[in-house]
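This report refers to the structure that appears directly beneath it.
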Amino acid sequence: MNGQYKHILVLTGAGISAESGLATFRDADGLWNNHKVDDVATIEAFERNPAFVHQFYNDMKPELLKAKPNSAHLALAKLEKEYAGEVNIVTQNVDTLHEKAGSQKVYHIHGQINQAVCLNCGRVLETWDDVDTQTRCPHCGISGMMKPNIVFFGESLLYMDKVTQLLSNCDLFVSVGTSGVVYPAAGFVQTAKYHGAKTYEFNLEAASNNYLFNEHVYGKCGETLPSFVYELLESVK
Ligand code: BJW
């Protein structure tokens with residue numbers, strides 16, 4: 001570790017929120033165990049049965065609203081606040097635990113549970129209340145056109161222009177708690193590396209794309225990430 005990093009980019013996945021009690025997608029007790037991915041997480045599923053998909057995400061809201069950030073989220077917020085260089089977080093998570101921890105530069109590339117997007121005007125409604133097939137868009141006034149602002153398979157990711165810029169600028173790329181199977185996020189490490197970044201993987205075990213990383217730290221990220229952040233902060237003193 002050295003203190004030369006000027007632009008740190010952290011990519012997070014469901015594993016960072018596991019120690020806050022939130023289920024991941026693909027682990028043994030994963031979110032999709034009782035549902036077929038094709039029934040809830042594709043744009044075709046939403047077009048086929050929007051009421052069912054709205055209900056699926058409405059049902060998730062209370063748990064995500066009350067969840068608390070864990071020591072991994074808090075360590076990243078501390079890093080952003082105290083590190084001399086720039087720190088950005090690109091998260092695949094739809095929970096808001098990075099924001100609750102105090103991180104400010106957070107890009108939700110797969111959307112947010114507390115948002116819905118109007119398919120008529122494209123604007124976003126922020127709400128923890130239920131959204132359904134009758135909900136009226138507060139911006140354009142049309143009812144029945146709201147979609148959970150969750151990026152389903154087959155849809156484009158959010159903030160990709162910004163992410164592309166961050167990937168080409170970063171000199172340290174840190175991946176935390178993601179299985180490395182969903183693209184394009186699983187390929188970000190390659191882009192960062194191509195542009196010269198050092199790459200770290202933090203996970204319980206080797207992710208699918210683990211061979212692309214320079215360094216690997218295996219274990220619960222609530223335990224491993226705080227000491228890594230401590231070392232980064234110490235390295236610039
Ligand atoms: C711990 C831990 C602890 C546990 N400490 N670690 C080939 C190339 C490029 C693209 C494609 C391709 N083939 C197909 C595609 C398209 C597709 C894709 O990637 N499919 C793959 C399955 C193959 N991608 C898309 O469609 C994306 N859009 C796109 O590419 O647009 C252009 C395009 C369109 C059409 C065709 C081709 C291109 C959109 C992807 C949207 C992803 N959305 C989801 C679901 C949202 C709905 C919902 O929330 O219910 O987002 S999928 C789901 O997976 C969710 C997550 O953000 C995402 C990633 O999961 P994540 O975070 O990695 O979680 P897990 O559970 O998989 O892993 C957890 C990890 O944590 C594990 O490794 C544990 O070990 C670890 N862990 N506890 C540390 N305490």
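We count ligands from 1, going down the list as the structure has it; atoms in each ligand are counted the same way. All of these numbers come straight from a predicted model, not from anything done at the bench.
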Exercise for the section: Would you check if Met146 and Leu119 make a side-chain contact, meaning some heavy-atom pair closer than 4.5 Å? Expected result: no
Handout entry: Atoms in ligand 1 flagged as close to Glu19, the criterion being non-hydrogen separation under 4.0 Å
Key = 3 (C), 5 (N), 80 (N)
Practice task
May I ask you to list the atoms of ligand 1 that are less than 4.0 angstrom from any heavy atom of Pro184?
Solution key: 30 (O)
Exercise for the section: Could you check which of Phe152, Phe56, Tyr218, Tyr183 puts a non-hydrogen atom nearest to atom 27 (C) of ligand 1? Expected result: Tyr183
Handout entry: Proximal ligand 1 atoms for Val182, defined as those under 4.0 Å from one of its heavy atoms
Key = 19 (O), 40 (C), 42 (C), 54 (O), 58 (C), 59 (C)
Handout entry: Asn203 side-chain N/O to Tyr218 backbone N/O, donor-acceptor pair under 3.5 Å
Key = no
Problem - Geometric N/O contact Asn93 with ligand 1, under 3.5 angstrom - result: no
Practice task
Heavy-atom distances under 4.0 Å are what count here, so tell me which part of Thr178 touches ligand 1: side chain, backbone, both or neither.
Solution key: both
Exercise for the section: Evaluate side chain to side chain donor-acceptor pair (under 3.5 Å) for Gln55 paired with Asp59, printing each intermediate quantity in order. Expected result: CA-CA 6 Å; Gln55 194 57 51; Asp59 288 348; 2.7 Å; yes
Fill in the blank from the handout: Quick look: Tyr57 vs ligand 1, heavy-atom contacts under 4.0 Å, and the answer is side chain
Handout entry: Numbered atoms and elements of ligand 1 in range of Leu157, under 4.0 angstrom, heavy atoms
Key = 27 (C), 28 (N), 39 (C)
Problem - Electrostatic pair Glu47:Lys147 at N-O distance under 4.0 angstrom - result: no
Problem - From Ile113, Leu204, Thr224 - option closest to atom 1 (C) of ligand 1 by heavy atom - result: Leu204
Practice task
May I ask you to check whether Phe202 has an N/O atom sitting below 3.5 Å from an N/O atom of ligand 1?
Solution key: no
Problem - Polar atom proximity, Gly180 to ligand 1 (N or O, under 3.5 Å) - result: no
Practice task
Decide if atom NZ of Lys68 counts as having more than 12 heavy atoms of other residues, nucleotides or ligands within a radius under 6.0 Å.
Solution key: no
Handout entry: Those atoms of ligand 1 less than 4.0 Å from some heavy atom in Thr24
Key = 66 (O)
Problem - Side-chain donor or acceptor of Asn120 paired with backbone N/O of Met145 under 3.5 Å - result: no
Problem - Validation row: Gln112, Thr96 side chains within 4.5 angstrom (heavy atoms) - result: yes
Practice task
Consider only side-chain N and O atoms of His73 and Ser103, and report whether a donor and an acceptor are under 3.5 Å apart.
Solution key: no
Handout entry: Salt bridge flag under 4.0 Å for residues Lys6 and Glu86
Key = no
Handout entry: Nitrogen or oxygen atoms of Glu155 and ligand 1 under 3.5 Å apart
Key = yes
Practice task
From atom 69 (C) of ligand 1, work out which of Gly222, Gly177, Gly13, Gly219 has a heavy atom at the shortest distance.
Solution key: Gly177
Exercise for the section: Test side chain to side chain donor-acceptor pair (under 3.5 Å) on Gln134 and His54 and set out the steps. Expected result: CA-CA 11 Å; Gln134 309 301 315; His54 273 303; over 6 Å; no
Fill in the blank from the handout: With heavy atoms and a 4.0 Å threshold, my read on which part of Ala18 contacts ligand 1 is side chain
Fill in the blank from the handout: Honestly, for Val181 the part within reach of ligand 1 (heavy atoms, under 4.0 Å) is backbone
Practice task
Answer yes or no: does an N/O atom from Gly154 fall short of 3.5 Å to an N/O atom of ligand 1?
Solution key: yes
Problem - Beyond-backbone contact of Arg136 with Ile142, side-chain heavy atoms, under 4.5 angstrom - result: no
Exercise for the section: Show your working on salt bridge (Lys or Arg N to Asp or Glu O under 4.0 Å) between Glu215 and Lys198 and close with a plain yes or no. Expected result: CA-CA 8 Å; Glu215 305 287 344; Lys198 176 139 193 196; 3.4 Å; yes
Fill in the blank from the handout: Within the 4.0 Å heavy-atom cut-off, what Gln92 brings close to ligand 1 is both
Handout entry: Polar atom proximity, Lys220 to ligand 1 (N or O, under 3.5 Å)
Key = no
Problem - Contact check: Phe25 vs ligand 1, nitrogen or oxygen atoms, below 3.5 angstrom - result: yes
Problem - Short N or O distance, Ile150 and ligand 1, threshold 3.5 Å exclusive - result: no
Handout entry: Between Asn70 and Glu19: side-chain donor-acceptor atoms closer than 3.5 Å
Key = no
